[in-house]
Amino acid sequence: MLVYPSGLDLSSSVLRLLSRLLTTRRREPGTRWRRLTADQQALLVLAHLRCGHTYAQLAAGFSVGTSTVARCVAEAVEVLAALASDLATAVRAAARKAFVILDGTLLPIDRIAADRPYYSGKHKKHGMNVQVIADPSGRLLWASAALPGAVHDVRAARTHGIVDALTQADISCWADKAYQGAGGTVRVPYRGRWEKLSAGQQAVNRSHAKIRALGEQAMATLKTWRLLRKLRCSTTRITALVQAVLTLPLNAPS
């Protein structure tokens, strides 16, 4: 396999953060010897998450075996995912905001047609449903555990207890039409064909769309981590991967 120099569109502070976390992990009793240094392991893992490089590609680039790459990635993802905020913590942070934006995204996976629980009729592809809460600036606050793609957004929000948590904290939440009937403090646009809506309803929907556009920015930020654009791992690992990705930009110093 050919090897060539490349670059990552990430701040060095992200690399230092992950390297420090891995160094701390290595000091724990009973941890095994690693062939790569903490800095090398951090760089390898970031290349995997950010660029979606396969284990084989990373093994060639770092002159190690694919099993070593797998262990490096699994360890780093576990360390990062442990730092991810739970819903209660996210709601406490959201209570200081004017409002939050709730949205769902489908993370594509490589599944065959027979895997119906993972098939999203809305997106016409197999994937995992992840719910995301963003603040008024479009910054990601929290991401849910991944559910099969066939689960509708409003059902996923209820399953994770998002609607109840936001309602109990009296936090205004803006969401799209997929959350019709959610209730609580969740605000959704008026349904129906545009020409059949009244002038007042059209004005409300326009204003609603402008606010929700910030949520789309949050989703775009999540998808800049190219690994999440097409996941080829076990579905049981996807939640930890999302949490790991979400942790990095939130904790890395500026």
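Ile211 shares a hydrophobic cluster with Phe99, Ile101, Trp174, Leu214; the chain of contacts runs through ILVMFWY side chains whose heavy atoms sit under 4.5 Å apart.
The environment of CZ in Arg206 is crowded: more than 12 heavy-atom neighbours from other residues, nucleotides or ligands sit within 6.0 Å. Within a 6.0 Å sphere centred on CZ of Arg155, other residues, nucleotides and ligands contribute 12 heavy atoms or fewer.
Looking at every heavy atom in both residues, Ala84 comes nearest to Gln243 through CB-CB, 3.7 Å. Taking every heavy atom of both residues into account, Ala81 and Ala240 meet most closely at CB-O, 3.8 Å. The two residues Val45 and Cys72 make their nearest non-hydrogen contact at CG2-O, 3.7 Å. The shortest non-hydrogen separation linking Val186 to Ala175 is CG1-CB, 3.9 Å. The shortest non-hydrogen separation linking Leu8 to Cys51 is CD2-SG, 3.3 Å. For the pair Ala218 and Leu140, the tightest heavy-atom approach, listed with the atom from each and the gap, is CB-CD2, 3.5 Å.
Cluster annotation: Tyr118 is not connected to Val151 through the hydrophobic network of ILVMFWY side chains, with a link wherever side-chain heavy atoms come within less than 4.5 Å. Note on Ile162: it clusters hydrophobically with Val188, by side-chain heavy-atom contacts below 4.5 Å among ILVMFWY residues. Clustering ILVMFWY residues whenever any of their side-chain heavy atoms sit less than 4.5 angstrom apart, transitively, puts Leu227 in the very cluster that holds Leu18. Taking hydrophobic clusters as Ile, Leu, Val, Met, Phe, Trp and Tyr residues chained together by side-chain heavy-atom distances below 4.5 Å, Leu43 shares a cluster with Val77. When hydrophobic clusters are built by joining Ile, Leu, Val, Met, Phe, Trp and Tyr residues whose side-chain heavy atoms come closer than 4.5 Å, directly or via intermediates, Leu147 is not grouped with Leu246.
By the 4.5 Å heavy-atom criterion applied to side chains, Val69 and His53 are not counted as neighbours. Looking at Lys223 and Thr105, their side chains come closer than 4.5 Å, going by heavy atoms from C-beta outward. The shortest side-chain heavy-atom distance between Asn205 and Trp194 falls under the 4.5 Å cut-off.
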Inset, instruction - Please test Thr89 against Asp86 for side-chain hydrogen bond (donor to acceptor under 3.5 Å, both in side chains), starting from the C-alpha separation and ending with a verdict. - result: CA-CA 5 Å; Thr89 302; Asp86 58 15; 2.6 Å; yes
Next on the checklist: Asp39 vs Leu15, test: side chain to side chain contact (heavy atoms under 4.5 Å, CB included). Steps then yes/no.
Outcome noted: CA-CA 7 Å; Asp39 287 344; Leu15 177 64; 5.6 Å; no
Exercise. For Val204 and Tyr190, what are the C-alpha separation, side-chain angles and deciding distance, and is it a side chain to side chain contact (heavy atoms under 4.5 Å, CB included)?
Worked result: CA-CA 8 Å; Val204 168; Tyr190 288 102; 3.8 Å; yes
Give the intermediate values and the outcome of side chain to side chain contact (heavy atoms under 4.5 Å, CB included) for residues Met219 and Asp103.
-> CA-CA 8 Å; Met219 288 299 186; Asp103 203 354; 3.6 Å; yes
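In this structure, CZ in Arg92 is found 10.0 Å from CG in Leu87, a value given to the nearest 0.5 Å. Taking CG of Leu22 as the reference point, atom CG of Leu36 lies at 10.5 Å (rounded to 0.5 Å). Here the straight-line distance linking atom CG of Leu46 with atom CD of Gln41 works out to 10.5 Å at 0.5 Å rounding. Within the model, atoms CD1 of Ile238 and CG of Asn129 stand 11.5 Å from one another, a figure rounded to the nearest 0.5 Å. Interatomic distance, Asp153 CG to Tyr179 OH, rounded to the nearest 0.5 Å: 4.0 Å. Once rounded to the nearest 0.5 Å, the distance linking CE of Met1 with CD of Gln57 reads 6.0 Å.
Here the side chain of Ser207 pairs no donor or acceptor atom with the backbone of Ala203 at under 3.5 angstrom. Remark: side-chain polar atoms of Ser19 are not paired, donor with acceptor, to backbone N or O of Ala42 under 3.5 angstrom. Of the possible donor and acceptor atoms, none in the side chain of Gln131 sits under 3.5 Å from a partner among the backbone N and O of Leu102. Distance alone, capped at 3.5 Å, places no donor-acceptor pair between the Ser120 side chain and the Lys125 backbone. Between the side chain of Ser234 and the backbone N or O of Thr236, at least one donor-acceptor pair lies under 3.5 Å. At least one donor-acceptor pair under 3.5 Å links the side chain of Thr31 to the backbone N or O of Arg26. Checking side-chain atoms of Arg34 against main-chain N and O of Arg32 turns up a donor-acceptor pair under 3.5 Å. In terms of modelled atom types and a separation under 3.5 Å, the side chain of Thr185 and the main chain of Ile171 share a donor-acceptor contact. A distance-only check finds a donor-acceptor pair linking the side chain of Thr221 to the backbone of Gln217 [under 3.5 Å]. A donor-acceptor pair under 3.5 Å is formed between the side chain of Gln180 and the backbone N or O of Pro189.
Under the rule for a salt bridge (Lys or Arg N to Asp or Glu O under 4.0 Å), the partners of Asp9 that lie at least two apart in sequence or sit in another chain are Arg50. Here Tyr55 pairs with His48 under the ring pair (Phe, Tyr, Trp, His ring centres under 6.0 Å) rule; sequence neighbours left out.
Using a 4.0 Å cut-off between charged nitrogen and carboxylate oxygen, Arg71 and Glu75 do not count as a salt-bridge pair.
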